[in-house]
Structure formats: structure tokens, C-alpha cells
Chemist: 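Okay, here's the structure, questions in a sec.
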Amino acid sequence: METLVSRGIIESYFAKLNSCLELDAAIVGGGPSGIVAAYYLAKAGRKVALLDRKLSPGGGMWGGAMMFNDIVVQEEAMPIVRELGLSYRQYREGTYIIDSVHATAGLLFKATQAGATIFNCYSVEDVVYKQGRVGGVVVNWTPVLREGLHVDPLTLISKTVLDATGHDCEIARTVARKNGVRLKTPTGGVAGEMSMDAAEGERTTIDNTKEIYPGLFVSGMAANGVSGSFRMGPIFGGMLMSGKKVAELMLKAIEAQ
Ligand code: 48F
């Protein structure tokens with residue numbers, strides 16, 4: 001029995017990893033925008049893997065605000081909430097409350113059910129960069145990096161890469177710093193996020209969701225971070241809409257290749 005269990009996991013896991021060595025979409029970061037992007041890309045029949053450095057993907061959504069585990073979603077994003085089958089209740093006109101643990105678990109369930117593969121405990125430490133294009137991600141075990149062990153990474157080739165790493169915009173930062181290139185952002189680099197303006201931050205999150213370098217897209221807080229716009233706190237409609245928008249942009253880019 002013990003050997004059967006171990007062999008089952010090893011064979012299944014490495015078949016899964018092997019099938020993800022060449023992707024349509026590599027999504028870095030399993031916060032709400034990344035998970036929603038994974039859902040729509042997988043639903044469209046694309047080969048998509050989402051990588052998150054933590055044991056439990058979900059980013060900043062599990063904890064609601066200050067660990068009070070509810071989130072607010074505005075009317076414009078409710079079609080996505082309904083499509084994903086999340087339970088919610090109306091709060092005031094045009095605003096809804098969702099239990100944040102239910103929301104996070106629900107998004108992860110729907111994305112994987114649609115066919116997205118999630119690799120947790122994977123840190124993306126670099127990208128594949130060829131002929132002026134981002135063409136994949138360089139991954140390592142999070143514990144390897146945490147321990148500072150000198151262990152080389154593996155590579156997943158991908159037609160598109162999404163930086164959904166949240167406030168730190170890690171992938172955009174790495175691409176600009178290591179390759180000396182200008183990104184399609186107001187500064188040509190990572191401008192860094194501004195302080196809180198919830199309404200403006202929500203609006204600009206959608207505007208700033210785009211391809212910032214050939215093959216490299218941004219969503220969620222990373223979209224506002226690279227373009228120097230506002231944070232918005234525990235209102236999550238913009239994150240969901242950003243994930244849907246970026247999936248549509250990435251689908252077009254994949255089809256064009
Ligand atoms: O920050 P995060 O939740 O991303 P998001 O989709 O959503 C932002 C909101 O949660 C919140 C907000 C809403 O109003 O402002 O902050 O923009 O999740 C980002 C995820 O990316 C992972 C990290 O563990 C987290 O789960 N991550 C970050 N850098 C890396 C990474 C990396 N280099 N490799 C792998 N995962």
C-alpha cells in the first residue's frame with residue numbers, strides 16, 4: 001500500500017509537470033487576478049499553468065481586510081462572480097459581500113476544474129528572454145530559495161507570461177532590470193504603486209492591465225504597480241475584471257503566434 005501511494009503521487013506529479021513544459025500561458029502569482037485569468041484561459045482550451053510561491057495560493061484574498069474574512073465586490077464584477085458560482089449577499093446598492101475563504105477556495109476550484117494546472121511552492125525567479133521577447137518562466141522550489149541553496153532551476157516555455165505577483169510586480173521588475181529594456185509603462189520601468197484611492201485604483205487597474213513587453217502581461221495590483229497608480233484595499237471587483245481582461249488579451253496574443 002505504501003509503495004502504491006508513493007508511486008501514484010510520483011507518477012501523476014511528474015506526468016503533470018512534464019505536460020506543462022510547453023505552455024500557452026504561464027501565470028505567475030495565484031492571487032485573485034491570476035486565478036481568474038487561469039480560469040478563462042483554461043476555459044478557452046489553452047494550456048495554462050499557474051505558479052505560486054506559497055503552499056496555499058490565493059494571495060491577498062484569504063484574509064479579507066485585517067484578517068476580517070469578508071471582501072467587497074462591486075456591481076460591475078458580479079457577472080464574473082455569478083459565472084464562477086460564488087455565493088454572495090448584497091450589502092448596499094451596487095456592492096456585495098463574499099466570505100473571503102469561500103471566494104478564494106471557489107476561484108481555485110473553478111480554475112482547476114476548467115483545466116488550469118496549479119503548481120504551489122514554486123517561485124518564479126526569472127524569465128526566458130529570447131530575441132526581444134519573454135518566452136517562459138524559470139522556476140525553483142520556494143524552500144530552495146528560502147534556504148539560499150545553490151540549486152539550478154527548471155524552465156517552462158510559454159507563448160505568454162502573466163505577471164500577477166501583486167504589489168511587488170516581481171516579473172516586470174526582473175525583466176526590466178536584467179535585460180535593460182523599456183516596458184510599456186509611463187516610466188519605461190516599474191513606477192511603483194501609490195497610496196490608497198479605492199475608486200481610482202479600481203478603475204486604473206483595468207486600464208493598466210495590458211501587455212507591457214512582447215510576451216509579458218500584467219494584471220491585478222501588478223498592473224497598477226508597474227504604471228504607478230493607486231492601491232485600493234479589500235475591494236476585489238477590479239482584481240476579478242483585470243483577470244478576465246488579461247485572459248482575453250493573452251488569448252489574442254496566443255492565437256497570433
Ligand atoms: O497580491 P495578490 O493577491 O495578487 P493580485 O491578484 O491581488 C491583489 C489583492 O490580493 C490585494 C488588493 C486588492 O484590492 O490590493 O492585495 O494582484 O497575489 C499575488 C501572489 O503572487 C505570488 C504570491 O505568493 C501571491 O500569492 N507571488 C509573488 N511573487 C511570486 C509569486 C513569484 N516570484 N513566484 C511565484 N509566486
Side-chain angles (χ1 to χ4, degrees), residues 5 8-9 12-17 19-20 23-65 67-74 76-90 96-124 137 139 142 156 158 160 162-166 209 217 219-222 234-248 250-251:
V5 171
I9 290 170
S12 163
Y13 182 83
F14 284 100
K16 186 163 68 176
L17 180 57
S19 80
C20 287
L23 297 162
D24 291 318
I27 297 179
V28 190
S33 71
I35 307 171
V36 169
Y39 167 77
Y40 282 107
L41 284 154
K43 190 181 161 210
R46 293 304 175 174
K47 184 84 194 159
V48 45
L50 183 154
L51 312 118
D52 198 290
R53 65 156 55 108
K54 295 198 174 139
L55 178 60
S56 304
M61 200 152 77
W62 292 109
M67 294 198 278
F68 306 156
N69 64 356
D70 281 324
I71 57 167
V72 172
V73 174
Q74 63 274 45
E76 301 91 294
M78 288 308 288
I80 301 173
V81 169
R82 292 189 187 102
E83 177 175 345
L84 290 162
L86 301 181
S87 304
Y88 58 86
R89 60 194 160 80
Q90 185 150 17
Y96 298 81
I97 301 281
I98 310 180
D99 178 288
S100 66
V101 174
H102 167 75
T104 314
L107 293 190
L108 289 165
F109 172 69
K110 292 301 281 192
T112 46
Q113 190 185 46
T117 303
I118 296 182
F119 292 104
N120 55 347
C121 300
Y122 273 44
S123 288
V124 176
V137 287
V139 299
T142 297
L156 310 183
S158 187
T160 55
L162 173 60
D163 183 342
T165 62
T209 296
F217 296 74
S219 69
M221 243 353 271
I235 179 162
F236 278 79
M239 297 298 124
L240 306 182
M241 290 188 282
S242 170
K244 183 169 188 207
K245 177 181 174 184
V246 85
E248 287 160 2
M250 290 167 77
L251 282 171

Chemist: Could you go through the side-chain contact (heavy atoms from CB on, under 4.5 Å) check for V36 and F236 one step at a time?
Modeler: CA-CA 12 Å; V36 169; F236 278 79; over 6 Å; no

Chemist: If you round to the nearest 0.5 Å, how far is CE of M241 from CD of Q74?
Modeler: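 Here the rounded value is 5.0 Å.
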
Chemist: Over all heavy atoms of both residues, which pair between M61 and P32 is shortest? Give the atoms and the distance, please.
Modeler: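 The pair with the smallest heavy-atom distance is SD-CB, 3.8 Å.
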
Chemist: Quick check: does any side chain N or O of S158 sit under 3.5 Å from a backbone N or O of A26, one acting as donor and the other as acceptor?
Modeler: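 Yes, the answer is positive, given that a donor and an acceptor are paired below the 3.5 Å cut-off.
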
Chemist: Do V48 and L23 touch side chain to side chain, with heavy atoms closer than 4.5 Å?
Modeler: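 No. Closest side-chain heavy atoms not under 4.5 Å.
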
Chemist: Do you know the tightest heavy-atom contact between S87 and I98?
Modeler: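 Minimum heavy-atom separation between S87 and I98: O-CG2, 3.3 Å.
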
Chemist: Might you work through the side-chain contact (heavy atoms from CB on, under 4.5 Å) test for K54 and T142, ending with a clear yes or no?
Modeler: CA-CA 8 Å; K54 295 198 174 139; T142 297; over 6 Å; no

Chemist: About how many Å separate OG1 of T117 and CD1 of I27, when rounded to the nearest 0.5 Å?
Modeler: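 Answer for the CD1-OG1 pair, I27 versus T117, is 10.5 Å.
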
Chemist: If I compare all heavy atoms of G237 with all of A77, which pair ends up nearest, and what's the gap?
Modeler: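 The answer is CA-CB, 3.5 Å.
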
Chemist: Is there a donor-acceptor contact under 3.5 Å from the side chain of S219 to the main chain of M239?
Modeler: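 No; zero donor-acceptor contacts below 3.5 Å.
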
Chemist: Using every non-hydrogen atom in the two residues, find where G64 and S100 come nearest and quote the distance to one decimal.
Modeler: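 Closest pair (atom of G64, atom of S100, distance): N-OG, 3.6 Å.
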
Chemist: When I35 is tested against each of I118, T112, L108 for side chain to side chain contact (heavy atoms under 4.5 Å, CB included), which residue passes?
Modeler: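 Per the side chain to side chain contact (heavy atoms under 4.5 Å, CB included) rule, the option paired with I35 is L108, out of I118, T112, L108.
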
Chemist: Please walk me through it: do L50 and F119 pass side-chain contact (heavy atoms from CB on, under 4.5 Å)?
Modeler: CA-CA 6 Å; L50 183 154; F119 292 104; over 6 Å; no

Chemist: Evaluate the side-chain proximity of L86 to L107: yes if any heavy-atom separation is below 4.5 Å, no if none is.
Modeler: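 SC-SC contact between L107 and L86 confirmed.
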
Chemist: So, the side chain of T165 versus the backbone of G29: is there a donor-acceptor pair under 3.5 Å, distance only?
Modeler: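 Checking the backbone N and O of G29 against the side chain of T165, no donor-acceptor pair under 3.5 Å is found.
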
Chemist: So, applying side-chain hydrogen bond (donor to acceptor under 3.5 Å, both in side chains) with Y40, which one of K244, E83, E248 is it?
Modeler: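 Only one option passes, and that is E83.
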
Chemist: What distance separates I9 CD1 from K16 NZ, expressed to the nearest 0.5 Å?
Modeler: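 It is 10.0 Å, given to the nearest 0.5 Å.
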
Chemist: Relative to Y39, does K110 satisfy both conditions: NZ or CZ under 6.0 angstrom from the six-membered ring centre, and within 45 degrees of the ring's axis?
Modeler: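 No, K110 does not sit over the ring of Y39.
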
Chemist: Is there side-chain contact between L162 and L41, with heavy atoms separated by less than 4.5 Å?
Modeler: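 L162 does not reach L41 side chain to side chain.
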
Chemist: Looking at W62 and P57, would you say the former's side chain and the latter's main chain have a donor-acceptor pair under 3.5 Å?
Modeler: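 At least one qualifying donor-acceptor pair exists.
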
Chemist: Is N120 reaching over with its side chain to a backbone N or O of S56, donor-acceptor style, under 3.5 angstrom?
Modeler: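 A pair under 3.5 Å: no.
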
Chemist: Step by step, would you call T104 with I71 a side-chain contact (heavy atoms from CB on, under 4.5 Å)?
Modeler: CA-CA 10 Å; T104 314; I71 57 167; over 6 Å; no

Chemist: Look at the side chain of S33 and the backbone N and O of L240, then say whether any donor-acceptor pair between them is shorter than 3.5 Å.
Modeler: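 No, the answer is negative, given that no donor and acceptor are paired below the 3.5 Å cut-off.
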
Chemist: Quick one: which of L51, L55, D52 gives a side chain to side chain contact (heavy atoms under 4.5 Å, CB included) with C121?
Modeler: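 Going through the options one by one, the only one that passes is L55.
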
Chemist: Mind listing the closest non-hydrogen atom pair of A111 and A38 along with its distance?
Modeler: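 For A111 and A38, the tightest heavy-atom pair comes out as CB-CB, 4.4 Å.
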
Chemist: Which heavy-atom pair separates S19 from K47 by the least distance, and what is that distance?
Modeler: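 In this case the closest contact between S19 and K47 is O-CE, 2.9 Å.
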
